[in-house]
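What follows is one structure encoded as C-alpha cells, with my remarks underneath.
Residues take their numbers from the sequence shown, with the count starting at 1. No hydrogens, no waters, no symmetry mates; every other heavy atom, side chains included, goes into these values.
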Amino acid sequence: AFRGTLIAALLLLAVVGLVWWLDPAPLQPEVQEAQPLFSFEKPELVRVVIHRATDELVLAEQDDGSWIVEGPGWPAARSMVNRVKHQIHDLSARATVIDSPEAPELYGLGQNAIRVELFFRSGDALSFLAGDPNPSAVSFYIQPLSGSAAGGKVYTVKKSALDYYSLDPSEFRERRFATHDANDADRIEADLPGGRRLVLQRTGPF
C-alpha cells in the first residue's frame, strides 16, 4: 500500500543528492575591514579651523587648557570641542563611494563644501572636506585632504562625525556663564528685592 510513497521518497532523495553534487558551494562574501581615515590622540588637538561658504569658525585651546572661539572671543562649548575630538580621532569610513569624482558638487564637496583643518601640538595637521548627507541620511560624504586616506577618494562616514560642522556659530559658544565644583563653594551672598541681603556661610564639611 505504501509502495508509491516509498518510490516517491527515494526519487526525492536522489534529486536532492544530485542537486547537492552539481551545485557548487556558495562563495563566501569577502570581509572588508573599515577604511581608517584619521587617527590621533585626543589631548593632542589644539586648534580647529572650519571654513564655510558664509563664515569661518576657529576653536583654539588656551594656555590654561580652556578653549575659545577666536574672533568674538567666546568661551568654546566644551561639548563641541569634545565632539570634534571624539568623533574624528579614530574615524573610519563606512564605504568607499568613488575614487575621483568628476562632479564633486553631487556629494556636497564642490565650492561650497565645508573644509575642516585640525592642528596638533606636534605641529602636524589634518584636513578634510565635509559634504552632504547621502540618500539614506544616516551617513555623510567626506573627502580626506591629508593623512593616509588622502588622494581624492570620497567616503561615507557616520552622520554624527560631520553633521555639526554646519550648525549656527552660536552653537559653538559655551552656554554656561560660570562653572565650578559645588563642593568648593564656601560662601554665598545675594542682594534680594527690598534691600534684604542673604548670606550663606559654610561652617563645616556638610
Side-chain angles (χ1 to χ4, degrees), residues 35-40 42-62 65-177:
Q35 169 70 39
L37 302 181
F38 305 114
S39 178
F40 60 85
K42 290 184 281 188
E44 296 302 307
L45 182 66
V46 296
R47 188 178 178 87
V48 180
V49 182
I50 307 170
H51 305 273
R52 311 195 293 189
T54 57
D55 56 29
E56 179 178 281
L57 285 169
V58 180
L59 310 178
E61 185 183 51
Q62 303 302 288
S66 64
W67 285 68
I68 67 167
V69 180
E70 288 187 352
W74 300 333
R78 288 183 294 178
S79 60
M80 297 302 291
V81 173
N82 291 335
R83 194 171 181 182
V84 175
K85 293 179 178 180
H86 178 72
Q87 295 293 347
I88 307 299
H89 84 283
D90 63 348
L91 184 63
S92 294
R94 283 182 166 174
T96 301
V97 179
I98 188 171
D99 286 344
S100 184
E102 295 182 359
E105 60 274 6
L106 296 177
Y107 309 96
L109 300 170
Q111 292 184 348
N112 293 326
I114 297 174
R115 181 164 58 91
V116 181
E117 296 177 293
L118 308 178
F119 298 90
F120 305 93
R121 299 186 196 281
S122 62
D124 294 335
L126 291 173
S127 60
F128 58 88
L129 297 181
D132 292 339
N134 73 342
S136 69
V138 298
S139 298
F140 269 61
Y141 296 113
I142 188 173
Q143 187 175 42
L145 301 177
S146 61
S148 60
K153 287 187 178 181
V154 175
Y155 304 89
T156 55
V157 295
K158 56 187 178 181
K159 176 183 177 181
S160 59
L162 299 182
D163 60 353
Y164 52 92
Y165 287 114
S166 59
L167 294 178
D168 187 88
S170 62
E171 295 295 327
F172 292 83
R173 181 179 187 176
E174 181 59 66
R175 296 176 183 271
R176 291 170 289 190
F177 65 87

* Which heavy atom in Tyr155 sits nearest to a heavy atom in Ala149, and how many Å separate them? -> OH-O, 3.9 Å
* **Gap between atom CD of Glu117 and atom CD of Glu56 - 0.5 Å precision** => 8.0 Å
* To do: Working to the nearest 0.5 Å, report the span between CD1 of Ile50 and CZ of Arg115.
  => 12.0 Å
* To do: Considering non-hydrogen atoms only, spot the tightest contact between Val157 and Arg94 and give its length.
  => C-CD, 4.1 Å
* Sub-3.5 Å donor-acceptor pair from the side chain of Glu174 to the main-chain atoms of Arg78, do we have one? -> yes
* **Full working for side chain to side chain contact (heavy atoms under 4.5 Å, CB included) between Tyr141 and Ile98** => CA-CA 10 Å; Tyr141 296 113; Ile98 188 171; over 6 Å; no
* Structure fact -> Value for OG (Ser127) from CG (Leu118), rounded to nearest 0.5 Å, stands at 8.0 Å
* Asked: With side chains defined as the heavy atoms from C-beta onward, is the minimum distance between Glu105 and Gln111 less than 4.5 Å?
  -> no
* Could you check if a side-chain atom of Asp132 sits within less than 4.5 angstrom of a side-chain atom of Phe140, using non-hydrogen atoms only? => no
* Asked: Parallel, tilted or perpendicular for Phe128 and Tyr165, by the 30°/60° rule?
  -> perpendicular
* Structure fact -> For Leu45 and Val48, the nearest pair of non-hydrogen atoms, with its separation, is CD2-CG2, 3.8 Å
* side chain to side chain contact (heavy atoms under 4.5 Å, CB included) between Val69 and Leu59: does it pass, once the steps are laid out? -> CA-CA 5 Å; Val69 180; Leu59 310 178; 3.7 Å; yes
* Structure fact -> Note: Ala76 and Val81 closest approach over all heavy atoms is CB-CG2, 4.1 Å
* To do: Supply the atom-to-atom distance Leu129 CG to Leu145 CG, rounded to the nearest 0.5 angstrom.
  => 4.0 Å
* Does the pair Glu171 and Tyr164 meet the rule for a side chain to side chain contact (heavy atoms under 4.5 Å, CB included), with working shown? -> CA-CA 9 Å; Glu171 295 295 327; Tyr164 52 92; over 6 Å; no
* Side-chain heavy-atom pair His89, Glu44 within 4.5 angstrom cut-off -> no
* To do: Could you please spell out the steps behind the side chain to side chain contact (heavy atoms under 4.5 Å, CB included) verdict for Ile68 and Trp74?
  => CA-CA 5 Å; Ile68 67 167; Trp74 300 333; over 6 Å; no
* Work out which heavy atom in Pro101 is nearest to a heavy atom in Gly152; give both atom names and the distance. => CD-O, 3.5 Å
* Above 12 or not: heavy atoms from other molecules or residues under 6.0 Å from NZ of Lys159? -> no
* To do: Compare all side-chain heavy atoms of Ile142 with those of Phe38 and state whether any distance is below 4.5 angstrom.
  => yes
* Asked: Minimum heavy-atom separation for Leu167 to Met80, with atom names?
  -> CD1-CE, 4.1 Å
* Asked: Ignoring hydrogens and geometry, is there a side-chain-to-backbone donor-acceptor pair from Gln35 to Ala95 under 3.5 Å?
  -> no
* Contact check, side chains of Asp55 and Pro169, non-hydrogen atoms, under 4.5 Å -> yes
* Could you state the interatomic distance from CG (Leu91) to CG (Leu162), rounded to the nearest 0.5 Å? -> 7.0 Å
* Asked: Can you tell me how far CG of Leu57 sits from NE2 of His51, rounded to the nearest 0.5 angstrom?
  -> 10.5 Å
